[in-house]
Amino acid sequence: MTAMEFLPVLFMVAGVVLVATATLFISSLLRPSNPYPAKNMPYECGMDAAGEAAGGRLRVQFFILAILLVVFDVETMFLFPWAVVLKDIGLVGYIEMFIFILLLLVGFAYAWLKGALEWEA
């Protein structure tokens, strides 16, 4: 492969960067800038922040569950293409996918045993 074959990709990347930069620059010129204390306060569900949320500390359980969700979403993304080409990849691909699933289950068991899935008040 020559460098000339990658030229369209380079043009596409340059175009995307140019459009994104231009959009951000133009929006910064056009948007109103009127910050005031009430506007900069956190707002959630029509209620003012109180308790732990007012101090800016969030519960770690939200982040742990989000990370675990991402891990299992990635697993699902790998399972669909694998299922489509299962006949083409043969027994080796079949075994490799089960090793992949086994490693994810080991990680899931580890998170479960460490209490990452427990929701304590």
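Both backbone and side-chain heavy atoms feed into the values below; hydrogens, waters and symmetry mates do not.
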What is the distance from atom CG of L24 to atom CG of L29, rounded to the nearest 0.5 Å? 11.0 Å
Can you tell me how far apart CD (E5) and CG (L10) are? Round to the nearest 0.5 Å. 14.0 Å
Do you reckon L79 sits in the same ILVMFWY cluster as M77, going by side-chain contacts under 4.5 Å, direct or chained? yes
ring-ring contact (aromatic ring centres under 6.0 Å, His included) partners for F98, two or more places apart: Y94
Does one hydrophobic cluster hold both V106 and F108, with members joined at side-chain heavy-atom distances below 4.5 Å? no
Between CZ of F78 and CE of M97, what distance do you get to the nearest 0.5 Å? 8.0 Å
Any donor-acceptor pair under 3.5 Å from W112 side chain to G107 backbone: no
Taking S28 for its side chain and F25 for its backbone only, find out whether a donor-acceptor pair lies under 3.5 Å. yes
I89 vs W82, side-chain contact (heavy atoms from CB on, under 4.5 Å): CA-CA, chis, key distance, verdict: CA-CA 9 Å; I89 58 177; W82 170 79; 3.5 Å; yes
Can you tell me how far apart CD (E75) and CG (L105) are? Round to the nearest 0.5 Å. 7.0 Å
In Å and rounded to the nearest 0.5 Å, what is the CG to CG distance from L68 to D73? 11.0 Å
Does F100 form a side-chain contact (heavy atoms from CB on, under 4.5 Å) with E96? I'd like the steps, not just the answer. CA-CA 6 Å; F100 175 70; E96 287 176 353; over 6 Å; no
Flag if over 12 foreign heavy atoms under 6.0 Å of CZ, F72: yes
Go through the structure and list residues passing ring-ring contact (aromatic ring centres under 6.0 Å, His included) with F6, not counting sequence neighbours. none
To the nearest 0.5 Å, how far apart are CZ in R31 and CD1 in I26? 13.0 Å
